[in-house]
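Below is one structure; the comments refer to it alone.
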Amino acid sequence: MPQKDVLPMKAKPATKPAPAATAPVKSITGSEAVIRSLIAEGVETIFGYPGGAIMPIYDALYDFQDQVHHILVRHEQGATHAAQGYARASGKVGVVFATSGPGATNLVTGLADAHMDSTPMVCITGQVAAHLLGTDAFQETDVIGITMPITKWNIQVTRAEDIPGAIAKAFYIARNGRPGPVLVDITKNAQVATMDFEYKKCEYIRSYQPLPELKQEEVEAAAALINSAKKPYILCGHGVLIADAQQELIALAEKAQIPIASTLLGLSAVPVDHPLYVGYLGMHGNYGPNIKTNECDVLIAVGMRFDDRITGDVNTYARQAKVVHIEIDKAEINKIIKADAAIHADAKAALQALLPKIKEQRNDEWLQGFKEADKMEEEKVTRRELYPEEGQLKMAEVIRVISEKTGGHAILVTDVGQHQMIASRYYRFQDPNTNITSGGMGTMGFALPAAMGAKVGTPEKEVVAIIGDGCFQMTLQELGTIYQSEIGVKIVILNNNFLGMVRQWQQLFFDKRYSSTEMINPDFVQIAKGFFVPGRKVTDRAEISAAVDEMLNTKGAYLLEVVVEKEDNVFPMVPAGAPIANIRLE
């Protein structure tokens, strides 16, 4: 690998000490106020791409390079996904810079993804000068209007003195309550005008109550239903991880011996080898967790929103059950599934209040039913997927080997498609916040930049990106960022030369009319080498163990391409819109 000659933004004068970023100061530019405000919020990393309308902010950033690190991505969408991965892995707010016009519009997919998956992110965009707004000036777009439906809050700032307050409010909204993305659009005149700087963190907004008051009567009603249950069942969603409520959830389950199933985004909240963990819910989830939903008598949903991939046909979903719904966002309560007892609160606070009111009990027969369903799934699906004796490599056995060699402790960042479902089913998650994926949006191209951000946010962790051949080609340019910024992410391409999930649907529901899904792919290892990232291609089952060892033992980034069975399907499967009881094992 050649020696990199990566220049800093410019050579800093050795005699000029870095300014104290958070101290009050007279007469600075709005651009410097942006950087000082971010440092006051504890920001250490920014993902971004410069351009004309945000150039004054980049110029101000130059003086603070020893206090905040900027990572130059290769596309603004990559910046948003990197910020998402950073936020999900580290628990901090991801921060993005982009210029006006196409720079700002390139953020849209990442903003929508973060909005769907409740990921805290602050995007700061440059904008044309205020007097040019509405004139169709060069690279002017109405980024506020465009992003309003896909942000938790957005604002356009046209005066320098309003910058610190807008940024303080942005961070408060992004990280508190149900997290989400926020966008601050700053006109160029505001960036270059001068102001007297003083930063005050936002701790209260009159019209916004991020932590609803926990109502004792709601807790009592939920406890009464749970204590009366003969077949209680917990559905663990992403809100459990966001609230850091994993231990409280497990304690409640253990006290009353309640089985726990996870949504896609709830994966890693409960170690998969916990005796009460019964598997993964959804269209390609485990057999038992899906069918038992329609057999339980009390369904306890914690931090999840009853997405259609979980419920299937809502008219047949858990009709026999009383529903307890713990949810911080009131808009999600009774939106899709009616709750018999709802606790509108942070998951951690709600579970802490609920735990002492829950009676100890045994549910041996009920739990045994999940084990029997597991045996059926193992016989018809799992065994042949994880331990095939002949034929081409299967995606599942690759995930099994990676899981075994990392002990289930690596952060797994998955893209979208068959490989995502296989990884979610077969990776043996042991630690919280080690599953990072695009859930609500299902954004192809998510994994490579998100893995980049996750590694930057948690450099002590092994980060492995699982990517399909189609997804990889959407954001492969971020290999340049990985090389320049020396980000040691491990990249696994499961290559079946198809858009695999679409092909599976075409096979099952469109009479094998494979329209525009077969792919003629490039040499992925050679492309990686072009970005000075070492790699290897594997086609033989006998090579996979050594290849994964080589990947994990390589210092820095590495790309492993594994050619897998071309027409492998993911089962179990609930057909879209069908009742979850119609889950197919083959």
Side-chain angles (χ1 to χ4, degrees), residues 264 267-268 272 280 284 286 377-378 381-430 434-437 444 446-448 450-451 462-473 489-501 503-504 519 521 523-525 528 533-554 557-572:
L264 174 63
L267 284 168
S268 80
V272 297
Y280 156 52
H284 291 287
N286 296 109
E377 183 175 343
E378 183 178 353
V381 180
T382 308
R383 192 179 303 152
R384 71 166 184 256
E385 291 293 313
L386 290 177
Y387 301 99
E389 296 178 354
E390 57 185 8
Q392 284 186 286
L393 274 161
K394 285 183 171 285
M395 291 179 281
E397 64 180 310
V398 179
I399 299 300
R400 173 181 59 79
V401 172
I402 293 170
S403 184
E404 289 170 354
K405 291 183 180 293
T406 60
H409 296 294
I411 293 177
L412 205 69
V413 186
T414 52
D415 223 294
V416 173
Q418 288 183 316
H419 59 280
Q420 176 192 33
M421 298 295 100
I422 290 289
S424 300
R425 284 176 52 78
Y426 296 117
Y427 190 78
R428 306 286 293 173
F429 295 99
Q430 297 299 314
T434 52
N435 168 56
I436 298 175
T437 195
M444 291 179 67
F446 171 87
L448 185 63
E462 189 75 81
V463 177
V464 181
I466 306 295
I467 311 177
D469 48 306
C471 292
F472 182 70
Q473 293 177 77
V489 65
K490 311 304 183 187
I491 304 155
V492 179
I493 300 174
L494 298 181
N495 181 7
N496 58 12
N497 291 286
F498 260 119
L499 297 176
M501 187 61 82
R503 183 212 55 77
Q504 178 169 336
M519 303 194 78
N521 287 319
D523 186 332
F524 293 122
V525 174
V533 173
R536 176 176 176 178
K537 181 176 182 177
V538 171
T539 59
D540 193 306
R541 179 167 290 114
E543 297 179 64
I544 189 63
S545 179
V548 172
D549 282 336
E550 181 179 316
M551 175 183 74
L552 295 175
N553 292 331
T554 298
Y558 188 96
L559 184 142
L560 174 62
E561 177 191 355
V562 184
V563 179
V564 295
E565 186 177 330
K566 195 168 184 178
E567 296 190 54
D568 198 6
N569 287 333
V570 186
F571 287 105

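All heavy atoms count here, side chains included; hydrogens, waters and symmetry mates do not. Numbers here simply count residues along the sequence, with the first being 1.
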Point to revise | Listed partners of Val416 passing side chain to side chain contact (heavy atoms under 4.5 Å, CB included), at least two apart | key: Gln420, Ser438, Met444
Point to revise | Pair His409-Glu462, side chain to side chain contact (heavy atoms under 4.5 Å, CB included): steps then yes or no | key: CA-CA 8 Å; His409 296 294; Glu462 189 75 81; over 6 Å; no
Review point. Closest approach of Val381 and Phe571, non-hydrogen atoms and distance?
Key: CG1-O, 3.3 Å
Exercise for review: Using a cut-off of 6.0 Å, state whether more than 12 heavy atoms not belonging to Lys405 lie near its atom NZ.
Suggested key: yes
Study note, to complete from the structure: Ile491 and Ile467 have their tightest heavy-atom pair at CG2-CD1, 3.9 Å
Check your understanding: If every non-hydrogen atom of Met519 is compared with every non-hydrogen atom of Gly470, which pair is closest and at what distance?
Key -> SD-CA, 3.7 Å
Check your understanding: Between Ile466 and Ile402, is a side chain to side chain contact (heavy atoms under 4.5 Å, CB included) present by the stated rule, with each step listed?
Key -> CA-CA 10 Å; Ile466 306 295; Ile402 293 170; 4.0 Å; yes
Check your understanding: Any sub-3.5 Å donor-acceptor pair from Asn286's side-chain atoms to Tyr280's backbone N or O?
Key -> yes
**Study point:** Val272 side chain near Gln430 side chain, heavy-atom distance below 4.5 Å
**Key:** yes
Exercise for review: List the steps and the verdict of side chain to side chain donor-acceptor pair (under 3.5 Å) for Gln392 and Asp568.
Suggested key: CA-CA 10 Å; Gln392 284 186 286; Asp568 198 6; over 6 Å; no
Check your understanding: Under 3.5 Å, side chain of His284 to main-chain N/O of Pro572, donor-acceptor pair present?
Key -> yes
Exercise for review: State the OG1-CD distance between Thr539 and Glu561, to the nearest 0.5 angstrom.
Suggested key: 9.5 Å
Check your understanding: Between CG of Asn435 and OG1 of Thr414, what distance do you get to the nearest 0.5 Å?
Key -> 5.5 Å
Review point. Do Val464 and Tyr427 pass the side chain to side chain contact (heavy atoms under 4.5 Å, CB included) test, and can you show the C-alpha distance, the side-chain angles, and the key distance before you say yes or no?
Key: CA-CA 11 Å; Val464 181; Tyr427 190 78; over 6 Å; no
Revision key, fill the gap. Tightest non-hydrogen contact, residues Ser545 and Val401, listed as CA-CG1, 4.2 Å
Point to revise | From Arg428 atom CZ to Ser268 atom OG, the distance as rounded to the nearest 0.5 Å | key: 14.0 Å
Practice item. Quick one: pull up CG in Asn521 and CG in Asp469 and give me the separation to the nearest 0.5 Å. Key: 4.5 Å
Review point. Do Val413 and Phe446 come within less than 4.5 Å of each other through their side chains, counting heavy atoms only?
Key: yes
Practice item. Check the pair Tyr426 / Thr382 against side chain to side chain contact (heavy atoms under 4.5 Å, CB included), numbers first and verdict last. Key: CA-CA 9 Å; Tyr426 296 117; Thr382 308; 3.8 Å; yes
**Study point:** Salt bridge Glu385-Arg425, side-chain N to carboxylate O under 4.0 Å
**Key:** no
**Study point:** Lys/Arg cation over aromatic Phe498: Lys566, 6.0 Å, 45° cone
**Key:** yes
Practice item. Working to the nearest 0.5 Å, report the span between CE of Met501 and CD of Gln418. Key: 5.5 Å
**Study point:** Leu499 side chain reached by Arg503 side chain, heavy atoms, under 4.5 Å
**Key:** no
Exercise for review: Quick one: pull up CG in Leu412 and OG in Ser424 and give me the separation to the nearest 0.5 Å.
Suggested key: 7.5 Å
Review point. Can you tell me if Arg541 uses its side chain to pair, donor with acceptor, with the backbone of Gly391 under 3.5 Å?
Key: yes
**Study point:** Considering all heavy atoms, the nearest Ala447-Asp415 contact
**Key:** N-OD2, 2.9 Å
Point to revise | Qualifying residue for side chain to side chain contact (heavy atoms under 4.5 Å, CB included) with Leu393, from Leu494, Val538, Asn495 | key: Val538
Review point. How close do Ala396 and Leu386 get, heavy atom to heavy atom, and via which atoms?
Key: O-CD2, 3.6 Å
Exercise for review: Examine distances only and state if a side-chain atom of Lys394 and a backbone atom of Arg384 form a donor-acceptor pair shorter than 3.5 Å.
Suggested key: no
